[in-house]
Each structure stands twice: as structure tokens, then as C-alpha cells.
There are 2 protein chains.
Amino acid sequence: MFQKVLVVEDIDSIALSVVQLVESLGAHEVVVVKYCEDAWTKLKAEALQGRPFELLITDLSFEKDHRQDAITGGEALVAQVKAFDPQLAVVVYSIEDKPFRIQQLYHEHGIGGYVLKGRRSLEQLKTALLTVAAGERYYAPELQTTMRASSFVSLDGYELHLLEQLAAGYSLDEMEARFKVLGITPHSKSTIEKRLYRLRDSFNARTLMHLISLAKDQGVI
Amino acid sequence: MFQKVLVVEDIDSIALSVVQLVESLGAHEVVVVKYCEDAWTKLKAEALQGRPFELLITDLSFEKDHRQDAITGGEALVAQVKAFDPQLAVVVYSIEDKPFRIQQLYHEHGIGGYVLKGRRSLEQLKTALLTVAAGERYYAPELQTTMRASSFVSLDGYELHLLEQLAAGYSLDEMEARFKVLGITPHSKSTIEKRLYRLRDSFNARTLMHLISLAKDQGVI
DNA sequence: CTCCATTTTACGGATTTCCGCATTTGCCAA
DNA sequence: TTGGCAAATGCGGAAATCCGTAAAATGGAG
């Protein structure tokens with residue numbers, strides 16, 4: 001098992017349980033932080049001193065408070081950490097069940113496991129940690145159906161941008177004008193129309209309103 | 001303080017902390033259940049035996065599993081419980097931060113307090129419990145800004161239905177036909193148009209896509 | 001019942017989205 | 001350079017929405 005573990009979790013009661021679990025599995029050094037930025041600072045500092053963490057367990061969403069955190073959430077933290085050290089084992093422990101966000105964590109960020117907070121999640125977290133420690137990836141049972149159901153639509157930045165603009169209330173005409181100004185290509189109304197048509201198709205949406213609804217449900221926007 | 005308390009929470013580690021808090025405040029009998037239906041059964045049974053609970057502390061969202069719960073979530077539980085006994089003190093303890101859902105709990109269901117799970121939420125929960133025990137309502141500090149910002153749009157069932165149908169991908173024509181069949185009035189396309197126009201207006205949405213986006217963000221649909 | 005206010009309906013033209021088809025552009029390989 | 005091909009663009013008619021106006025229906029109050 002991992003000896004040195006960093007836990008990023010802002011809800012105190014949960015953090016406590018996680019630490020107990022990790023220690024019961026034999027970890028000798030477990031550090032808990034409540035802010036993403038602290039996690040990054042800590043992780044980098046220890047690595048640079050030749051005593052790197054072996055495992056990162058992190059939540060995705062954090063309560064916003066007076067402190068302005070340079071890292072906006074769990075995804076950003078994972079991305080930054082993985083860019084710094086692709087080998088570091090990462091397990092995400094979150095309540096977030098939006099298929100898109102989970103898929104993205106596995107595919108884009110290469111996390112080792114994802115555990116959904118729930119009735120038996122501590123057990124699952126234990127299994128996940130053991131699986132990842134053994135060098136494999138962990139897939140929670142309830143995810144496998146969810147993931148299959150939402151046949152993973154992969155979106156590029158442009159398509160994401162289209163959805164965001166649409167959800168923000170811009171008409172196609174306005175998008176054309178804005179994209180032209182901002183230097184985003186392609187920007188012809190015709191192409192924007194076509195891309196949105198494709199998006200509706202891949203999401204199996206009947207209208208643009210439906211598309212926005214589905215995108216929100218899946219955590220795309 | 002309350003002597004007899006029912007806690008409804010499916011995440012074990014959180015439930016544990018809540019129980020400890022409630023007991024430290026002097027409660028003599030604290031019962032925890034992980035399913036809404038169990039909460040309802042328990043609450044009713046004890047009341048009918050002349051030993052009613054004095055306080056209900058409940059989460060909003062619960063993990064779905066093999067058991068099919070007749071009560072779909074915290075809101076439904078609160079509604080049912082309040083219909084049974086309007087005097088029962090209710091405090092909601094949840095991660096849910098959608099303004100509409102919180103507003104609805106206060107206005108429609110008459111809860112005594114709402115505490116957002118977060119870094120200092122156990123402290124806040126303590127304050128909330130003491131406040132409600134004193135016969136007052138508790139409003140968490142971070143809610144006050146959120147609530148003001150989203151100048152509470154109040155929606156009737158019809159408007160909700162419109163938004164749902166729209167998000168589900170039905171065109172106005174289709175809605176007219178469906179409403180006619182289902183006996184929902186009004187069902188003329190003209191009125192549907194007008195009502196959606198009004199909704200866009202009260203949400204300050206620029207397009208229907210924007211409207212769906214805002215409604216999703218605020219937890220309306 | 002009548003009056004008044006509100007809501008529902010109907011209608012129609014302006015605007016926007018929808019969607020197929022034709023053309024142009026950009027890029028890679030031969 | 002030249003083909004070939006996919007993406008981007010342009011175009012146009014059909015369909016849907018946007019939004020104002022006006023008529024009809026509804027529902028209370030007096």
C-alpha cells in the first residue's frame with residue numbers, strides 16, 4: 001500500500017473517515033488539506049524535497065469562502081498535479097455523478113479510480129485504493145452502467161464553446177459576430193449551424209433547448 | 001433543546017458527526033436512518049405511539065440503490081412529514097446550493113433552517129439547531145447573498161411543466177397537442193408562447209436555451 | 001345579471017432556426 | 001504542382017420562434 005498520502009477534502013467529517021481508512025490500510029503519513037491550492041503547494045514542496053506523496057485522494061467540489069483559491073476545483077487540481085507528475089496515483093472521491101465529468105477524469109486526466117460518495121462508499125474507497133496500489137485502474141460498479149448509458153460524447157474546445165455561448169443566450173448571428181471579433185474559427189453562421197446540428201445528433205437531442213438540458217445533466221457545461 | 005431527534009443521512013461518516021453533535025447538545029434519543037422511507041415509517045410509528053420526534057434533520061439527495069424508496073428525496077420527505085405534522089421542527093443539512101430548491105424549502109415547506117455542508121458546517125448546524133429550538137428560523141450567512149441575488153422567481157405547476165417539456169425537447173406545437181390530450185389547460189400555442197415569454201422575462205433570459213440553462217442552474221428543473 | 005379585469009385564444013408579419021445542396025477553401029499525399 | 005478529400009462557407013426555402021395586436025372566454029365583485 002501507499003505510505004504517504006495527501007487527502008483533499010473540505011467537509012471535516014468526511015475527511016476524518018477517509019484518514020482513518022487510509023491509516024488502517026497501513027499508510028504512515030497522511031496529510032489532509034481543505035483547499036486545492038494548499039494541496040498543490042504541499043505536493044510540490046514535498047516532491048522537491050525528495051519526499052513525494054505516493055497517492056492523492058481528492059474531492060471535486062469545494063465550498064467557496066473568503067479565501068480565493070487559485071485552483072478552482074478538483075479537476076483543475078488533478079490536471080495540474082498530473083502535468084507535474086504523471087506517475088502519481090490519483091483517486092477521486094466525490095458526490096459528483098455527471099457522466100461527462102467522470103469520463104473526462106478517466107480519459108483526459110488518467111486518474112486511477114473514481115468513487116462516488118454514498119452508503120457504502122468507504123468500502124468502495126478501500127477497494128479502489130487497494131486496486132490502484134496494485135497498479136490497476138478501479139471502476140466502481142455503479143459507474144459501469146452510467147457510463148455505458150451515456151455513450152461518451154467527446155467534445156473539443158470549440159464545441160464546448162458553442163454550448164456555453166448558446167446556454168448564455170447568444171443567437172447564432174451573435175455568435176458569428178463574436179467569434180469573428182475574438183478570432184475564433186470557424187465562425188461562419190453556416191458552420192455554427194452545422195456543428196450544433198451535429199451536437200444535437202450525438203446527444204440525441206430533439207431541440208437546442210433539449211441539448212442544453214442534456215449537456216447540463218451530463219456536466220458538460 | 002430537542003430530546004428526541006431523527007437524522008436522515010445516507011453517507012455514514014456524515015451521519016456519525018451529526019449524531020455526535022446532536023447528542024452533545026443534550027438530545028437523549030437520536031435515531032439515524034439511511035433511507036427516506038424508513039424515516040417516514042419511523043416518524044409515523046413513534047407519533048402514533050404517543051412518543052413523537054421533536055426534530056427532523058435530513059439530507060436532500062440520496063444515493064439510489066437496489067431498494068426502491070417510495071419517497072424520492074429529502075424534499076418529498078419534508079413535504080410528507082409536514083403534511084402529517086406541521087409543528088415538527090425540520091432542519092435540512094445538504095450540499096445542495098441551488099437557490100430555487102432552498103427557497104422552496106423555506107417558503108413552501110416551512111422548514112426551520114437550512115445548513116449547507118461545508119468547511120464549517122458543523123458549527124453552523126449547531127447554531128441552526130439552537131436557533132430552531134428557540135422557536136426561530138435559521139438562515140445561514142452564505143445563503144443570504146445567494147437568495148438575494150436570485151430574486152426568487154416563484155413558479156406554479158404549469159410553468160414548471162412548460163420548462164420540463166421544453167427541456168425534454170418538445171416543440172410548442174407538440175406541447176399544444178400533448179396538453180390537449182392530457183387535459184392540461186391552457187393549451188393553445190399562443191398561450192404557451194406567452195407564458196414562455198413571461199418566464200424568459202422573469203429569469204432575464206435572452207433565449208429559450210438561456211432559460212433552460214438558468215432553470216437548471218437554479219435547480220428549478 | 002352586468003361590469004370589469006384578467007386570461008386565453010387567434011392571427012400575422014418579422015426574425016431565427018432548420019436542413020439540404022452547391023461552392024469554396026485548406027490541407028495532405030502523390 | 002496537382003488531385004483528392006474533408007471542412008468551411010454560402011444560399012434558400014421550410015419550419016419554428018418571436019412579439020405585438022385584437023378578439024373571445026373566464027371569473028369575481030357589486
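Chain A is the first sequence line, chain B the second, and so forth, proteins listed ahead of strands; every chain is numbered from 1.
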Positional range of nucleotides in DNA chain D within the contact set of chain B, heavy-atom, under 4.0 Å: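 Boundary nucleotides touching chain B, in 5' to 3' order, are D:dA16 to D:dA22.
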Partners passing ring pair (Phe, Tyr, Trp, His ring centres under 6.0 Å) against A:Phe84 (at least two apart in sequence or in another chain):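 Counting only residues at least two positions away or on another chain, A:Phe84 forms a ring pair (Phe, Tyr, Trp, His ring centres under 6.0 Å) with A:Trp40.
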For B:His161, all residues meeting ring pair (Phe, Tyr, Trp, His ring centres under 6.0 Å), sequence neighbours excluded: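 Scan of B:His161 (ring pair (Phe, Tyr, Trp, His ring centres under 6.0 Å), adjacent residues dropped) gives B:Phe179.
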Got a sec, which residues hit side-chain contact (heavy atoms from CB on, under 4.5 Å) with [X], two or more places apart in sequence or on another chain?
| X | answer |
| --- | --- |
| B:Leu208 | A:Met209, B:Leu166, B:Leu196, B:Arg200, B:Leu211 |
| A:Thr127 | A:Thr131, A:Tyr138 |
| B:Ser94 | B:Asp59, B:Leu60, B:Val92, B:Glu96, B:Tyr114 |
| B:Ala76 | B:Ile71, B:Thr72 |

Atom-pair distance ([atom1] on [X]; [atom2] on [N]), nearest Å:
| X | N | atom1 | atom2 | answer |
| --- | --- | --- | --- | --- |
| B:Arg206 | C:dT15 | CZ | C1' | 14 Å |
| B:Asp156 | C:dT6 | CG | P | 17 Å |
| A:Arg200 | C:dC18 | CZ | C1' | 7 Å |

Pairs touching residues 73-86 of chain B that satisfy side chain to side chain donor-acceptor pair (under 3.5 Å), sequence neighbours left out: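 Residue pairs passing side chain to side chain donor-acceptor pair (under 3.5 Å), neighbours aside: B:Glu75-B:Arg101.
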5' precedence on DNA chain C between B:Met209 and A:Lys194 (nearest-nucleotide basis):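 Its nearest nucleotide being more 5', the pick is B:Met209.
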Pairs touching residues 203-221 of chain A that satisfy salt bridge (Lys or Arg N to Asp or Glu O under 4.0 Å), sequence neighbours left out: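 Checked against salt bridge (Lys or Arg N to Asp or Glu O under 4.0 Å) - neighbours excluded - the pairs reaching residues 203-221 of chain A are A:Arg206-B:Glu174, A:Lys216-B:Asp217, A:Asp217-B:Lys216.
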Salt bridge (Lys or Arg N to Asp or Glu O under 4.0 Å) partners of residues 36-46 of chain B, not counting sequence neighbours, each pair once: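 Qualifying pairs, neighbours excluded: B:Lys4-B:Glu46, B:Asp38-B:Arg67, B:Glu46-B:Arg51.
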Sugar-phosphate only, base, or nothing, as touched by A:Leu196 at under 4.0 Å among non-hydrogen atoms: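 Here A:Leu196 touches no strand at all.
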Side-chain donor or acceptor of B:Asp69 paired with backbone N/O of B:Cys36 under 3.5 Å: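 Here the side-chain-to-backbone pair exists.
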C:dT7 phosphate, OP1 or OP2, under 4.0 Å from B:Arg195 side-chain N/O: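 Answer no for this pair, as no side-chain N or O of B:Arg195 is under 4.0 Å from OP1 or OP2.
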Distance-only donor-acceptor check, side chains A:Tyr170 and A:Arg178, under 3.5 Å: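 There is such a pair between these side chains.
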Contact list for DNA chain D against residues 170-193 of chain B - heavy-atom distance below 4.0 Å: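 Per residue number, the list reads B:Ser171, B:Leu172, B:Asp173, B:Lys189, B:Glu193.
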Difference in axis direction between the ends of the helix from C:dC1-D:dG30 to C:dA30-D:dT1, five pairs, 10°: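 One end's axis against the other's: 30°.
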